[in-house]
Every structure is written in structure tokens, then in C-alpha cells.
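Worksheet for the structure shown next.
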Protein chains: 2
Amino acid sequence: MDSSDQLDATFSALAHPTRRAILARLAEGEATVNTLAEPFEMSLPAISKHIRVLEKAGLIKRGRNAQFRPCTLDAQPLAAVALWTDQYRHIWDVRFDAMDRILNNMKDAKDE
Amino acid sequence: MDSSDQLDATFSALAHPTRRAILARLAEGEATVNTLAEPFEMSLPAISKHIRVLEKAGLIKRGRNAQFRPCTLDAQPLAAVALWTDQYRHIWDVRFDAMDRILNNMKDAKDE
DNA sequence: TGATTAATTAACTAATTGGTTTAATAGTAG
DNA sequence: CTACTATTAAACCAATTAGTTAATTAATCA
């Protein structure tokens with residue numbers, strides 16, 4: 001999977017509120033499928049599928065503990081999202097733009 | 001559209017390499033549909049549809065100029081993506097975590 | 001062993017997505 | 001008015017998504 005495919009998978013995994021809610025829950029710590037499903041009105045298999053999407057995108061890892069399959073968050077793919085997004089930060093963030101100019105000035109000064 | 005729907009739209013708009021490439025091109029400045037379509041092997045209507053997805057997500061704005069419908073980038077929704085992603089930064093970024101502790105210590109010291 | 005609990009698989013459905021080709025619209029230029 | 005250019009709309013198609021219910025697997029517990 002190249003880095004573009006990885007971004008595809010990450011972005012589309014994040015494009016569903018249920019899956020983002022699952023990640024938010026996992027940010028507080030490991031949880032089982034049943035625990036993750038509890039807040040939702042959906043059936044368990046539906047949650048199971050959402051988990052698989054997140055797993056394929058590399059956003060969660062799964063363990064084994066008796067008949068449980070605990071899920072843990074792996075935020076690494078979000079680092080790639082943050083990097084991608086940062087390419088555009090100067091376009092929306094005036095302060096970032098100013099900071100960017102200052103850093104460039106410092107670099108120019110050093111180069112002289 | 002609530003902020004969750006907005007994130008849904010933004011993330012799913014970003015979940016396609018063609019659309020990310022279109023945004024990258026627009027970061028260099030306004031462009032017409034034909035210009036945007038040029039690098040791709042796809043048909044023009046296909047590009048037109050991608051543009052509509054981006055427009056609905058609020059990532060591009062369209063103008064009028066004779067028979068052209070120039071597109072411009074609006075990176076604002078990406079700010080929301082960056083904010084969302086930042087919630088998880090301490091989980092992947094050790095340096096961020098350290099910085100966070102330092103800032104908290106400073107705040108604690110000030111409160112005393 | 002048999003019952004219970006946790007989770008997944010299978011089979012199905014309705015809606016959406018991403019593409020196509022052909023046709024239509026809107027504006028410009030002769 | 002006609003022809004050309006830019007863009008979109010319509011109609012279609014195959015694949016994917018997000019959900020369902022019913023059945024199955026796997027592990028524990030009594």
C-alpha cells in the first residue's frame with residue numbers, strides 16, 4: 001500500500017461518525033467490541049464491520065483475551081493526516097503564515 | 001449541517017486521490033475545470049463530479065468568467081480536520097506529550 | 001458435556017460512489 | 001444566426017458501503 005492508498009484508507013475510515021466515536025472511546029483506553037458497541041443503536045455485526053474498517057486503515061490493533069478481542073487505538077495514521085493537512089495550513093492560518101515568514105527570514109539571514 | 005456532518009463531508013471528499021490532487025493544484029491558484037482535468041485520464045464529467053464533491057464539502061468555491069467556472073481553494077474545512085486530528089496528537093507524538101507536560105507544569109506553577 | 005458469552009460470517013438489501021457515453025446548456029466569437 | 005468552447009446534466013452500470021437478521025465459531029463456566 002503506497003502512501004496515497006494509506007491516506008485514502010485513513011480518510012475514508014474517518015468519514016463516518018460512528019467510527020470517529022469509536023476512536024474517541026479508544027483514546028481513553030483498550031475496549032472490547034461489546035463495550036465499543038454499547039453507546040450505539042446499531043447491531044453488533046454493524047459495529048464489528050466498522051471496527052474492521054478501522055483495523056484495515058491501521059487505526060486500531062486487536063488483541064486476544066479469552067473470548068474477547070480487545071481493541072486498542074493506533075494513532076500513527078493520524079500523523080500522516082496531520083502532515084498532509086499542514087501543507088495547507090498557511091492558506092487558512094494567518095498566524096502560521098506570519099511564523100513561516102519569520103522562519104524564512106531567519107534562514108535567509110543565516111545563509112548570508 | 002452540524003460539525004460532525006461537516007467532518008463527514010470533508011473526510012470523504014479527501015478520501016480520493018483525484019480530489020486531493022485537485023486541491024493540490026488549486027493551492028497554486030485558481031483554475032478552470034478543463035485545466036484541472038488535464039492531468040487525469042478520466043473523462044471531463046468525472047472531474048466535474050469530483051469538483052462538485054469538493055464544492056459540497058466547502059473545499060472549493062466557484063466563480064463565473066465568461067463560459068468558464070473558475071475554482072478556488074477554500075482551506076477552511078481543513079482547519080477543522082487539523083483540530084480534530086490534534087485531539088490525538090499526544091498519542092502519536094512523544095514530543096507533543098512532553099511539551100504538553102511542560103505547559104501544564106507552567107500552568108500549575110502559576111496557579112500556586 | 002451443555003449452556004452462556006463474545007465476536008464474526010453469511011446472505012441479503014438499499015443507497016451511494018465513481019466511472020462511462022451521449023446530450024444539453026451557456027457564453028463567445030465570427 | 002452559426003459554430004465553437006466550457007461545463008453540466010442524464011442515463012446507465014459495476015462496485016462498494018452501511019445496515020439488517022440468522023447462523024456459526026470460539027472460549028469460559030457450571
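Predicted model only: the values in this text are computed from it and were never measured. Residue numbers begin at 1 in each chain, while the letters A, B, ... track the order of the sequences.
Atom P of nucleotide D:dT8 and atom NZ of B:Lys56 are separated by 13 Å, given to the nearest angstrom. The CG-P distance, from A:Leu36 to C:dT8, rounds to 10 Å in whole Å. The CZ-C1' distance, from A:Phe68 to D:dC29, rounds to 12 Å in whole Å. Atom CZ of A:Phe40 and atom C1' of D:dG19 are 14 Å apart (whole Å). Summarising the geometry, the separation between CD1 on B:Ile47 and P on D:dA9 is reported as 16 Å, rounded to the nearest angstrom. Atoms CZ (B:Arg20) and P (C:dG18) sit 12 Å apart, rounded to a whole Å. Atom CG of B:Asp8 is separated from atom C1' of D:dT17 by 14 Å (rounded to the nearest Å). Atom CG in B:Asp5 sits about 14 Å away from atom P in C:dT16, given to the nearest Å.
For the atom pair CG of B:Leu59 and CG of B:Leu26, the computed distance is 10.0 Å after rounding to the nearest 0.5 Å.
Listed by first then second residue, pairs satisfying side-chain hydrogen bond (donor to acceptor under 3.5 Å, both in side chains) with a partner in residues 48-58 of chain A read A:Arg19-A:His50, not counting sequence neighbours. Counting only residues at least two apart or on different chains, no side-chain hydrogen bond (donor to acceptor under 3.5 Å, both in side chains) pair has a member in residues 66-77 of chain A.
Remark: side-chain polar atoms of B:Thr35 are not paired, donor with acceptor, to backbone N or O of B:Ala31 under 3.5 angstrom. Side chain of A:Tyr88 to main chain of B:Leu73: no donor-acceptor pair is present (N/O by atom type, distance under 3.5 Å, no hydrogens or angles). Without hydrogens or angle criteria, A:Gln6 side chain to A:Ala57 main chain gives a donor-acceptor distance under 3.5 Å. B:Asp86 places no side-chain N or O within donor-acceptor distance of the main-chain N or O of B:Arg89, the cut-off being under 3.5 Å.
Minimum heavy-atom separation, A:Arg20 to A:Ala15: NH1-C, 3.9 Å.
Between B:Trp84 and B:Phe11, the ring planes lie perpendicular to each other; the angle is over 60°, past the 30° to 60° tilted range.
Residue whose closest nucleotide on DNA chain C sits further toward the 5' end, between A:Arg52 and B:Arg19: A:Arg52.
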*For nucleotides 19-30 of chain C, just jot down a letter per nucleotide in 5' to 3' order: B, S or -, based on protein non-hydrogen atoms under 4.0 Å.*
BBBB----BS--
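Scored by the salt bridge (Lys or Arg N to Asp or Glu O under 4.0 Å) test, B:Asp97 finds B:Arg101 as partners (sequence neighbours excluded).
Residues from residues 26-34 of chain B lying near DNA chain C, meaning a heavy-atom separation below 4.0 Å, are absent.
An end-to-end axis angle of 10° holds for the helix from C:dT1-D:dA30 to C:dG30-D:dC1, taken from five base pairs per end and rounded to 10°.
Put simply, B:Arg69 has no side-chain N or O that comes within less than 4.0 Å of OP1 or OP2 on D:dT5.
Taking the six-membered ring wherever Trp is involved, the centroid distance between the rings of B:Phe96 and B:Trp92 does not fall below 6.0 Å.
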